[in-house]
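Labels below follow one simple rule: chain letters A, B, ... track the order of the sequence lines, proteins then strands, and each chain is numbered from 1.
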2 protein chains.
Amino acid sequence: MARGARKPEFYEDPTNSLGYLARLTFRAFGRALQKRLAAKGVTIGQWRFLRVLWVEDGLTQRELSRRVGLREPTTVTALKGLEKAALVVREQSEEDRRRVHVHLTPKARRLRKQLMPHVAEVNRIALKGMSEDELQTVKRLLLKAIANLAEHNDDTIDLPDETP
Amino acid sequence: MARGARKPEFYEDPTNSLGYLARLTFRAFGRALQKRLAAKGVTIGQWRFLRVLWVEDGLTQRELSRRVGLREPTTVTALKGLEKAALVVREQSEEDRRRVHVHLTPKARRLRKQLMPHVAEVNRIALKGMSEDELQTVKRLLLKAIANLAEHNDDTIDLPDETP
DNA sequence: CGCCTATCGATAGTATTCTAAGCATTGTAT
DNA sequence: ATACAATGCTTAGAATACTATCGATAGGCG
């Protein structure tokens with residue numbers, strides 16, 4: 001069980017730390033993507049929500065938060081920006097008046113075709129020289145680490161089930 | 001060369017996106033670590049600098065920025081906090097009066113033994129169920145993605161050479 | 001020397017994200 | 001039915017990190 005256990009000193013080298021590597025990876029993707037999206041007038045924060053809504057329009061704010069992986073207050077702020085940019089409209093639910101459903105505008109739907117190629121290109125650059133098998137391993141293990149820590153942190157995140 | 005190329009639609013599922021997974025991983029580590037460090041009165045931001053300085057005391061602010069992976073203005077702010085917390089002192093270089101060397105205080109050095117076990121524990125939790133080989137793959141590929149994107153972003157980051 | 005450029009650090013201003021706490025609405029149990 | 005708890009969203013306030021820019025020092029070259 002304690003198979004992969006390491007001495008504390010091991011983690012004094014940042015490149016041995018998955019948290020550190022994840023942070024750098026996240027920022028590197030962010031910077032590369034930012035440049036391309038900015039040309040279309042879209043921020044990274046907006047893009048994250050658009051990506052989810054393109055696939056599943058009409059989610060509530062809470063569902064959105066969990067899909068995107070941000071806290072609810074952050075979602076509120078982000079949605080304000082999206083609404084001001086005329087990319088989404090918010091509709092109060094009829095059955096449960098606490099809920100607010102978020103819907104894309106035609107303008108936002110049109111962005112899908114324009115933005116996704118840039119996303120694919122950033123990924124192409126980032127993943128250059130990696131095999132399909134290696135990529136599968138990386139994704140599976142990151143999901144596992146997220147799940148391991150989420151359980152420990154008592155967090156609620158929406159991720160695909162891995163124990164079907 | 002375009003071996004792993006994917007259609008744009010592939011990246012509409014966030015769990016296919018390395019950037020998304022890296023962000024969640026980073027945040028999950030951060031939250032878990034934060035709880036433990038807070039008990040010792042240390043913030044995550046401070047911890048990042050301490051880890052580097054424990055191994056290499058007396059770096060300049062620019063060197064620190066690159067080792068830690070943050071921009072210089074962020075480092076300036078962070079060092080102010082560290083100085084106020086009496087964890088570092090800053091000394092102007094004699095040879096080159098532009099430079100400022102950052103040195104740990106005894107208090108900061110004492111924290112090393114207290115903090116590292118918590119870091120190791122968070123890693124133990126996060127990495128549960130992963131083999132040594134798998135971990136090596138993950139780290140190697142994240143470093144590769146970071147390097148791929150850094151080159152493309154014209155970024156300067158200090159990472160171990162991988163083409164000796 | 002005297003000027004131009006590069007480097008190091010600091011500042012100003014903004015964007016992002018979080019925690020903690022609050023309101024309104026709904027569900028539940030007595 | 002009424003009180004209590006849970007849910008969904010919002011607000012307030014703070015921390016973190018960024019871009020753009022500036023001031024001071026150092027190095028190179030005429």
Side-chain angles (χ1 to χ4, degrees), chain A residues 20 23-24 26-35 37-38 41-49 58-85 88 90-102 153-157, chain B residues 23-24 26-35 37-38 41-49 59-85 88 90-102 153-157:
Chain A
Y20 171 82
R23 175 165 61 87
L24 294 196
F26 154 57
R27 294 242 179 264
F29 267 90
R31 280 199 260 274
L33 204 47
Q34 192 167 39
K35 285 182 197 165
L37 298 185
V42 176
T43 70
I44 297 247
Q46 293 173 337
W47 136 257
R48 291 195 190 115
F49 287 89
L59 290 169
T60 67
Q61 300 195 189
R62 177 151 298 178
E63 288 165 339
L64 256 178
S65 296
R66 293 186 181 169
R67 297 274 207 295
V68 172
L70 294 170
R71 302 289 165 155
E72 277 141 34
T74 308
T75 299
V76 170
T77 312
L79 287 179
K80 276 183 189 164
L82 283 158
E83 203 165 25
K84 188 185 275 184
V88 306
R90 300 189 302 162
E91 278 178 9
Q92 195 175 34
S93 166
E94 307 252 326
E95 309 111 43
D96 184 338
R97 284 184 315 181
R98 291 170 302 183
R99 300 191 181 196
V100 175
H101 293 278
V102 180
N153 288 343
D154 262 339
D155 259 356
T156 311
I157 309 179
Chain B
R23 175 165 61 87
L24 294 196
F26 155 56
R27 294 243 178 263
F29 266 90
R31 280 199 260 275
L33 204 48
Q34 191 166 41
K35 284 182 197 163
L37 298 185
V42 176
T43 70
I44 297 247
Q46 293 174 337
W47 136 258
R48 291 195 190 117
F49 288 89
L59 291 169
T60 67
Q61 300 195 190
R62 177 149 298 176
E63 289 166 339
L64 256 177
S65 297
R66 293 186 181 168
R67 297 275 206 295
V68 172
L70 294 171
R71 302 290 166 156
E72 277 143 36
T74 309
T75 299
V76 170
T77 312
L79 286 179
K80 276 184 189 164
L82 283 159
E83 203 167 24
K84 188 186 276 183
V88 305
R90 300 189 302 164
E91 277 177 12
Q92 197 175 32
S93 167
E94 309 251 324
E95 310 111 44
D96 184 339
R97 283 187 314 185
R98 290 171 303 183
R99 299 192 182 195
V100 175
H101 293 278
V102 180
N153 288 343
D154 263 338
D155 258 356
T156 311
I157 308 178

Student: Round to the nearest Å and state the distance from B:Ile44 atom CD1 to C:dC18 atom C1'.
Tutor: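 Going from B:Ile44 (CD1) to C:dC18 (C1'), I get 12 Å.
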
Student: Below 4.0 angstrom from OP1 or OP2 of C:dT11, is there any side-chain N or O of B:Lys80?
Tutor: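 Affirmative; the distance criterion is met.
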
Student: Under 3.5 Å, is there a donor-acceptor pair between the side chain of B:Thr74 and the main chain of B:Leu70?
Tutor: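 Answer holds: no.
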
Student: For the pair A:Arg23 (side chain) and B:Gly69 (backbone), establish whether a donor and an acceptor sit closer than 3.5 Å, ignoring hydrogens and angles.
Tutor: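 Indeed, once roles are kept as given, a pair shorter than 3.5 Å links the two residues.
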
Student: Give A:Arg99 one of three labels, base, sugar-phosphate or nothing, depending on what nucleic acid heavy atoms sit under 4.0 Å from its own.
Tutor: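 Since only primed, P, OP1 and OP2 atoms lie under 4.0 Å of A:Arg99, the category is sugar-phosphate.
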
Student: Under the 3.5 angstrom rule, does the side chain of A:His101 hit a backbone N or O of A:Gly58 as a donor-acceptor pair?
Tutor: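 Yes, A:His101 side chain to A:Gly58 backbone: donor-acceptor pair under 3.5 Å.
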
Student: What is the distance, rounded to the nearest whole Å, between atom CG of A:Leu79 and atom C1' of D:dC9?
Tutor: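 Taking atom C1' of D:dC9 as the reference, CG of A:Leu79 is at 11 Å.
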
Student: Quick one, give me the B/S/- string for nucleotides 17-26 of chain D, reading 5' to 3', where B means a protein heavy atom under 4.0 Å from the base and S means that only happens at the primed atoms, P, OP1 or OP2.
Tutor: SBBB---BBS

Student: To the nearest Å, give me how far apart NZ (B:Lys35) and P (C:dC18) are.
Tutor: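 After rounding, the reported distance stands at 14 Å.
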
Student: Among C:dT11, D:dT7, D:dT11, find the nucleotide with the atom closest to the side chain of A:Val76.
Tutor: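 Within the option list, the nearest is D:dT11.
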
Student: Base, sugar-phosphate alone, or nothing: which one does A:Thr75 contact when heavy atoms must sit under 4.0 Å apart?
Tutor: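 A:Thr75: no heavy atom of the nucleic acid under 4.0 Å.
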
Student: Are A:Phe49 and A:Thr75 side-chain neighbours, meaning at least one heavy-atom pair lies under 4.5 Å?
Tutor: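 Side chain of A:Phe49 against side chain of A:Thr75, heavy atoms only: contact under 4.5 Å found.
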
Student: Is it true that the side chains of A:Gln61 and A:Arg90 contain a donor and an acceptor less than 3.5 Å apart?
Tutor: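 Short answer, yes.
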
Student: Look only at the side chain of A:Gln92 and the backbone of A:Val100, and say whether a donor-acceptor pair between them is shorter than 3.5 Å.
Tutor: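 No; judged by distance alone, with no hydrogens or angles, the pair does not exist.
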
